[in-house]
Amino acid sequence: MVIFPDGGERYLSTELYAGKKETTVRLYNTLTNTKEFFKPIHSEKILIHSCGPTVHEVPHIGTYRRVILSDMVVKYLNFKGYEVKHVTNIIDMADRSIKGAELAGMDVKEFSERYTKVFYEDLDKLTIRHEGNYPKASENVDEMIRLVEKLVDRGYAYEKLKSVYFDISRLDDYGVLSNIDLTKVQHSHTVDQDDYEKDNPVDFTLLKRSNLAELKKGIYYKTRWGNVRPSWHLECAAISLAYLADTFDIYISGSDIVFPHCENVMAIGKAATGEKMANFWLNAELVMREGKKMSRSLENTFTMEDLEKRGYTGKEIRYFLLSSHYRKPLNFSFAALDTAGNTIRRLNNFIQRLIHASPGEGCDDVDQLIYDVKNGFSAAMDDDLNVSGALAAVFEFVKAVNPLVTEKRLSEDERDRIIGVMRKINAVIGVIDFEEEKLDEGARNLLSQREEARRSGRWEESDLLRERLFDMGVLVHDTPDGTTWTLK
RNA sequence: GGCGGCAUAGCCAAGUGGCUAAGGCAGCGGUCUGCAAAACCGUUAUUCACCGGUUCGAAUCCGGUUGCCGCCUCCA
């Protein structure tokens, strides 16, 4: 173990260490407004925090864009061979949860659990794993209160009429993340200043005193300042510090909440530990609907269920959300989902064709093609997750392999290696199916009846059977090698 | 008012100084088919919002114009 006098920055940038510490991955850091080479803090495990959803309602697909970004970052780092610890907090005690529970005549816990369950189901549909690190705000209140005690003790927070506020004047670099100039801020758009008694209107709330109705329902936590509820910024800060470290690798959120949320979370971390909270701050852009942000208040949202009712699948929605760059606004449309569906179908067809390919002599080009697709995919993804470029590499691969399948040139081993590399890529993009499609017996019978009819030239009967199979979801294809089929 | 971002084909979307401007979808043409469909193959931007400048060379850099979006401290 060697301790470098300057924290190692200078030494780590020398060639000797570059290979070990620095990755080939470049990410756009909101903190510096530049793409930087990602350098993990610990070589053994990368630590990532993502802002989770509020669970006062069924989340809409706009919420899921940043969730998809987090998932893709984690899966791509896994693809590169890194182990990742990823924490996503569940905001289950927001103002709206309390209001919503009251309207529904439920207690807040029961109310929140209902929507947390939907959130998890949605993650399943989007092929995002959710076992493990999804701590709930309501189960980490002790951490939050301890954190505020620390802030007050260190002089970064103050109590006023039984609420506790963060004193931003104490942090000289407040505003570095969002580039905000507090002297030019327009106040009071979303806050009724009369409700708060801050020393300075730019200070933000850490703990808010519970009101009478909340006290009656038991929605409060006893502290030395009074009976209070934690604020949103405090929740994210406390959870990321408690579950990860004083300084962790990446903080992922949405572009609409860089200010105030991320800025304030960062300020809490810096004030509490004296260290910078995260090295990289990634912010996903928004999902738009006819030129406006998709949001509850504009009443222009779609939930996963809304889209499923219209016949779209989770994977189609996933593809739609991930297939264009995360730092550009994404316009929602049904046409875009249709496109996603068609595109995925092409990839699935490719896999099914490979599964059913008749083995051949083998082909010298395969090694090169596999090398090219791996290389093209990771080169693009390395560059701040350029998914469009990465997918282009995949489609070029598909295009090059298809004729080899048609001409029956692939050996079994080559075929398996091609499927293997597609699986590896799909571990990141998560939209392709690799299961061999199977027919049930009824469909198989109809298929052979149709073959019989065709052999005897009874076209009307054969066409009727084709229609019946179509209605069952089976598409038949008459090819020179006989009849094949795929599932719709 | 402040800060940040965007504008590339019918649609979506890469590319940020130099080979013929990736890729996907849709369309069109072809192969196949009893006919279809699917699949596969081929094809689709002398031009990158507009004006000016720098340069041997600009979608890419600089200045300006227009249009659009997000955020500005407890909605999250």
Side-chain angles (χ1 to χ4, degrees), chain A residues 30 33 51 53-54 56-57 63 91 94-96 99 163 165-166 168 175 178-193 195-196 198 200-208 229-234 254-261 263-264 283 285-286 288 291-293 295-297 319-320 323-325 327-331 333 335-336 338-347 349-350 352-353 376 380 383 386-396 398-399 402-403 405-407 454 457-459 462-463 466 470 475-481 483-486 488:
Chain A
T30 303
N33 290 318
C51 287
T54 49
H56 63 279
E57 247 179 323
T63 312
I91 309 291
D95 292 10
R96 287 181 185 180
K99 279 185 202 129
S163 286
Y165 301 98
F166 189 96
I168 67 153
S178 55
N179 256 322
I180 195 140
D181 181 349
L182 289 166
T183 61
K184 288 179 179 150
V185 151
Q186 292 188 341
H187 297 299
S188 304
H189 279 248
T190 58
V191 190
D192 184 353
Q193 294 295 341
D195 286 352
Y196 302 93
K198 307 170 189 175
N200 182 338
V202 294
D203 289 345
F204 62 90
T205 311
L206 294 165
L207 297 171
K208 40 191 154 186
R229 305 191 285 118
S231 77
W232 179 37
H233 314 311
L234 177 65
S255 70
D256 54 338
I257 53 178
V258 173
F259 188 86
H261 182 63
E263 189 72 59
N264 290 348
N283 294 94
E285 259 300 338
L286 306 178
M288 315 292 283
K292 293 283 173 196
K293 170 181 173 179
S295 80
R296 290 279 175 216
S297 48
Y319 187 91
F320 164 68
S323 59
S324 55
H325 194 92
R327 284 194 291 114
K328 280 199 175 172
L330 176 61
N331 205 46
S333 69
D338 293 337
T339 297
N342 290 339
T343 308
I344 293 172
R345 195 181 60 207
R346 180 167 153 87
L347 293 170
N349 271 327
F350 177 65
Q352 291 302 316
R353 246 163 78 82
D383 183 13
N386 181 353
V387 185
S388 304
L391 289 169
V394 173
F395 285 111
E396 272 167 20
V398 170
K399 201 168 217 168
N402 262 328
V405 178
T406 306
E407 293 156 21
R454 289 187 75 227
R458 302 195 303 270
W459 306 127
S462 131
D463 290 351
R466 181 166 69 196
F470 181 85
L475 298 171
V476 298
H477 325 302
D478 300 321
T479 74
D481 293 329
T483 298
T484 65
W485 51 270
T486 50
K488 255 196 284 189

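Here is the naming used below: chain letters follow the sequence lines, and residue numbers restart at 1 for every chain. Worth knowing before you read on, the calculation uses all heavy atoms, side chains too, and leaves out hydrogens, waters and symmetry mates.
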| remark: In B/S/- notation (B base, S sugar-phosphate only, - none; protein heavy atoms under 4.0 Å), nucleotides 11-19 of chain B written 5' to 3' is --SSS----
| task | Encode nucleotides 38-45 of chain B as B, S and - characters from 5' to 3', where the letter depends on protein heavy atoms closer than 4.0 Å: B to the base, S only to sugar-phosphate, - to neither. | result | BSSSS---
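Under the rule for a side-chain contact (heavy atoms from CB on, under 4.5 Å), the partners of A:T63 that lie at least two apart in sequence or sit in another chain are A:P53, A:P59, A:H60. Residues that satisfy the side-chain contact (heavy atoms from CB on, under 4.5 Å) test with A:A392, not counting sequence neighbours, are absent from this structure. In this structure, the side chain to side chain donor-acceptor pair (under 3.5 Å) partners of A:H56, at least two apart in sequence or on a different chain, are A:T54. Every residue meeting the side chain to side chain donor-acceptor pair (under 3.5 Å) condition with A:D338, not counting sequence neighbours, appears here in chain and number order: A:Y312. With sequence neighbours excluded, the residues that form a side-chain contact (heavy atoms from CB on, under 4.5 Å) with A:T479 are A:H477, A:D481, A:T484. For A:R96, the salt bridge (charged side-chain N to carboxylate O under 4.0 Å, His left out) criterion is met by no residue, not counting sequence neighbours. In this structure, A:S324 has no side chain to side chain donor-acceptor pair (under 3.5 Å) partners at least two apart in sequence or on a different chain. For A:Q352, there are no side chain to side chain donor-acceptor pair (under 3.5 Å) partners at least two apart in sequence or on another chain. Scored by the salt bridge (charged side-chain N to carboxylate O under 4.0 Å, His left out) test, A:R229 finds A:D95, A:E214 as partners (sequence neighbours excluded).
Side-chain atoms of A:R466 stay outside donor-acceptor range of the base of B:A37, with no qualifying N/O pair under 3.5 Å. Side chain A:S255 to base B:G5: no donor-acceptor pair is found below 3.5 Å. Side-chain atoms of A:D463 come within donor-acceptor range of the base of B:G34, with a qualifying N/O pair under 3.5 Å.
Remark: ring of A:F395 not stacked against base of B:G24; the cut-offs of centroid gap under 5.5 Å and plane tilt under 30° are not jointly satisfied.
Note that OH of A:Y319 and CD1 of A:I344 are 7.5 Å apart. Values are rounded to the nearest 0.5 Å.
Using a 4.0 Å heavy-atom distance criterion, A:F259 is classed as a base contact.
One atom, CG of A:D338, and another, C1' of B:G10, lie 15 Å apart when rounded to the nearest Å.
Ranking B:C71, B:G23, B:G34 by closeness to the A:E396 side chain, first place goes to B:G23.
Between A:N342 and the phosphate of B:A26, there is a side-chain N or O to OP1/OP2 separation shorter than 4.0 Å.
Pairing analysis of RNA chain B (Watson-Crick: purine N1 to pyrimidine N3 plus N6-O4 or O6-N4; G-U wobble: N1-O2 and O6-N3; both under 3.5 Å) yields stems of 3 or more pairs at B:1-7 with B:66-72, B:10-12 with B:23-25, B:27-31 with B:39-43, B:49-53 with B:61-65.
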